[in-house]
Amino acid sequence: MSTASLPSTRILNPKLERKIMSAETAAGLIQSGDQIGMSGFTGSGYPKAVPIELAHRIADAHFRGEKFQVSVFTGASTGPELDGALAMAGGIHLRLPYQSDPETRKRINAGEMDYMDIHLSHVAQFVEYGFLGKMDVALVEVAAILEDGRVVPSSSIGNNKTWVDCADRIILEVNSWQPLALEGMHDIYYGLEPPPNRVPIPLTKPGQRIGTPYLKVPPEKIVGIVLTDSPDRNSPFKTPDEASKRIAGHILEFLGWEVKKGRMPANLLPLQSGVGNIANAVLFGLEEGPFEGLTSYTEVIQDGMIGLLNSGKLTCASATAFSLSPEVLTAVNANMASYRDRIVLRPQEISNNPGIIRRIGVISMNGMIEADIYGNVNSTHVMGSRIQNGIGGSGDFARNGYLSIFMAPSQAQKGTISTIVPMVSHVDHTEHDVQVLVTEQGLADLRGLSPRQRAKLIIEKCAGPEYKPLLADYLARSEQLSYGKHTPHLLTESLSWHNRYLRSGNMRPREES
């Protein structure tokens, strides 16, 4: 018996239950050239059945010599059943706003797929304003559909509200793997009108609820419902290494100093943490640290935040999605009801809203690929042109946060790459938006410093020992020979470290062939 003929205890509305179909049939409702808004954020809450069948359909069309591609918009990264399958089939024309799939990344960097890297807070309004054209299909995973047609979202919200509001046709995947205890955890705000009628968002505290727990899905736009029972993609976090622990230690010491100076309360200000092993190490450090009564206003709930919630050190966490290791995800799903009053999942146009971030004074902590001696940060491109993942929400938080902290080990690739360079090869966050840089070597507080003062401090505190004299020499010569003395650079040398690495595989001059 096919799933299309099975009744679902997750679909309590009889009229909508009649729209159950197979994933293959639902994929047949998508046409070449469609722009599809798909759910999913950091590997949680993304559709898992229809994209695979769509990839099969696209591959068959290509085998027959027919062109078949779609544009895929999401909240952020998804999983192999979506990005991986569609990229492997050559089925994606345009991808936005963020990705982390190896096959997708390979095709973008080969010039075979267009990719629009965009601030996560901008995506919903770009679609709503019509900047990105017509939204044809919304393909959204949900946990359940109630008797009155209200929809219980799954483990991420992302841009789902916008996809549902703007799309001509809606396909829902009802995933029975998602805990029904998610009901009540979401807070979907429906009060954002387009300019000039937009009013302030009435949110002043991280744990505050201003909307509804349910997604409003017009039943007349639903063309298909697919039943699934598939887990989210979840990646294990590495045990914090020595460099990550030292970075975490520098940040915790700095936050303690800020409290001592009276620049923030004893329970700090709401925390935002980017995804990754270093960010998670900082969260684990907070669990062992002296701060109590913490709050979080961020994008994703990571392992470290669950640990802080379990210990009682974190009182509430606001985000748009989960991003957990397999072990922690299993434990959280089994006890989801116990977190329902302490975790709020919001649309990313709210979780990443610049006005709210500035209003409540978020402490922004994000990773980086490299930073230069003046504090410009590259979050997205390796050696200036090869995209890694994307800017994500780091710009939303860094530009508007009470504090903007960027962190990374001082060296990469066994010391052949310096994270601190004369000039970044790609700029995502200008020196004007970067207040603190941290490596395992130390922390540079850049607030109130001129460019040359920043350069001296970054070299002293953050550069690796093998690269520190090289950077100091570059700065000294730049101060003597540059065209202007405000932000001294030698333009014939400023990107020479990257060129050297591309030629020889090492930024250090002695390794140059």
Side-chain angles (χ1 to χ4, degrees), residues 41-42 44-45 75 120-121 124-125 143 150-162 165 181-193 197-216 264-274 283 286 291-302 304-306 308-323 332 336-365 393 396-397 399-403:
F41 198 107
T42 56
S44 63
L120 296 189
S121 69
Q125 66 182 30
R150 289 178 301 167
V151 171
V152 179
S154 67
S155 50
S156 70
I157 293 290
N159 291 310
N160 294 352
K161 172 191 170 294
T162 298
D165 287 348
L182 281 166
E183 184 178 358
M185 183 175 284
H186 309 89
D187 186 63
I188 303 175
Y189 180 61
Y190 279 90
L192 278 179
E193 296 292 332
N197 300 315
R198 181 159 292 188
V199 298
I201 300 168
L203 195 152
T204 57
K205 297 178 182 178
Q208 184 181 355
R209 296 175 186 270
I210 59 174
T212 171
Y214 305 103
L215 195 60
K216 300 174 184 177
M264 64 176 67
N267 67 334
L268 305 181
L269 289 165
L271 302 169
Q272 178 264 332
S273 177
L283 297 175
L286 284 166
F291 308 108
E292 303 285 345
L294 299 169
T295 62
S296 175
Y297 195 84
T298 189
E299 299 168 298
V300 291
I301 306 295
Q302 301 182 75
M305 285 187 182
I306 296 297
L308 288 167
L309 286 167
N310 290 342
S311 70
K313 291 219 167 188
L314 187 67
T315 61
C316 65
S318 170
T320 194
F322 288 98
S323 181
V332 168
M336 188 65 74
S338 68
Y339 295 101
R340 196 161 45 212
D341 294 332
R342 294 176 290 162
I343 292 176
V344 186
L345 296 183
R346 312 181 188 277
Q348 70 191 63
E349 62 182 337
I350 303 297
S351 69
N352 291 50
N353 184 271
I356 298 173
I357 292 165
R358 181 164 293 195
R359 178 186 303 152
I360 66 178
V362 172
I363 299 171
S364 167
M365 299 179 288
D396 299 326
F397 287 92
R399 177 70 181 89
N400 302 286
Y402 181 87
L403 274 175

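The shown structure was predicted, so the numbers you read here are calculated from the model rather than taken from an experiment.
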Any donor and acceptor pair, going by atom type alone, linking the side chain of Gln208 with main-chain N or O of Pro202 inside 3.5 Å?
-> yes
Minimum heavy-atom distance Ile306-Ile301, with the two atoms named = CD1-CG2, 3.7 Å
Check: His186 side chain, Ser154 main-chain N or O, donor-acceptor pair, under 3.5 Å = yes
Supply the atom-to-atom distance Leu268 CG to Leu403 CG, rounded to the nearest 0.5 angstrom.
-> 10.0 Å
Drop me the distance from Lys216's NZ to Asp165's CG, to the nearest 0.5 angstrom.
-> 9.0 Å
Which atom pair, heavy atoms only, marks the closest approach of Glu299 to Ala319?
-> O-CB, 3.3 Å
side-chain contact (heavy atoms from CB on, under 4.5 Å) with Tyr402: which residues, sequence neighbours excluded?
-> Arg263, Met264, Leu269
Atom OG1 of Thr315 and atom CG of Leu294: how far apart are they, to the nearest 0.5 Å?
-> 7.5 Å
In sequence, state the C-alpha distance, the side-chain angles, and the governing distance for Asn400 and Val362, and then conclude on side chain to side chain contact (heavy atoms under 4.5 Å, CB included).
-> CA-CA 8 Å; Asn400 302 286; Val362 172; over 6 Å; no
Is there a side-chain contact between Arg150 and Leu215 (heavy atoms, below 4.5 Å)?
-> no
Can a cation-pi geometry be assigned to Lys313 and Phe291, taking NZ or CZ under 6.0 Å from the six-membered ring centre and within 45° of the ring axis?
-> no
Salt bridge (Lys or Arg N to Asp or Glu O under 4.0 Å) pairs, two or more places apart, involving residues 349-358 | none
Check ion pair Arg346-Asp187 (N to O, under 4.0 angstrom) | yes
Residues Ile360 and Thr204: closest non-hydrogen pair is CG2-O, 3.3 Å
Donor-acceptor pair, Thr212 side chain versus Tyr214 backbone, under 3.5 Å?
-> yes
With side chains defined as the heavy atoms from C-beta onward, is the minimum distance between Glu193 and Val199 less than 4.5 Å?
-> no
State the CG-CD1 distance between Asn353 and Ile201, to the nearest 0.5 angstrom.
-> 4.0 Å
Atom CZ of Phe397 and atom OH of Tyr297: how far apart are they, to the nearest 0.5 Å?
-> 7.0 Å
List for me each residue that meets side-chain contact (heavy atoms from CB on, under 4.5 Å) alongside Ser323, sequence neighbours excluded, and say none if there are none.
-> Thr42, Val275, Val300
Hey, does the side chain of Ser296 reach the backbone of Leu271 with a donor-acceptor pair shorter than 3.5 angstrom?
-> yes
Here the pair of heavy atoms bringing Leu120 nearest to Asn352 is CB-ND2, 3.8 Å
Gap between atom CE of Met185 and atom CG of Leu345 - 0.5 Å precision | 6.0 Å
For the side chain of Arg342 and the backbone of Leu309, is there at least one donor-acceptor N/O pair under 3.5 Å apart?
-> yes
Looking only at heavy atoms, the pair that brings Ser273 and Thr298 closest together is N-OG1, 3.3 Å
Taking all heavy atoms of Pro153 and all of Val151, pick out the closest pair and write down the distance.
-> CD-O, 3.3 Å
Donor-acceptor under 3.5 Å (Ser155 side chain, Phe322 main chain) = no
Sub-4.5 Å side-chain heavy-atom contact between Ile157 and Phe41 = no
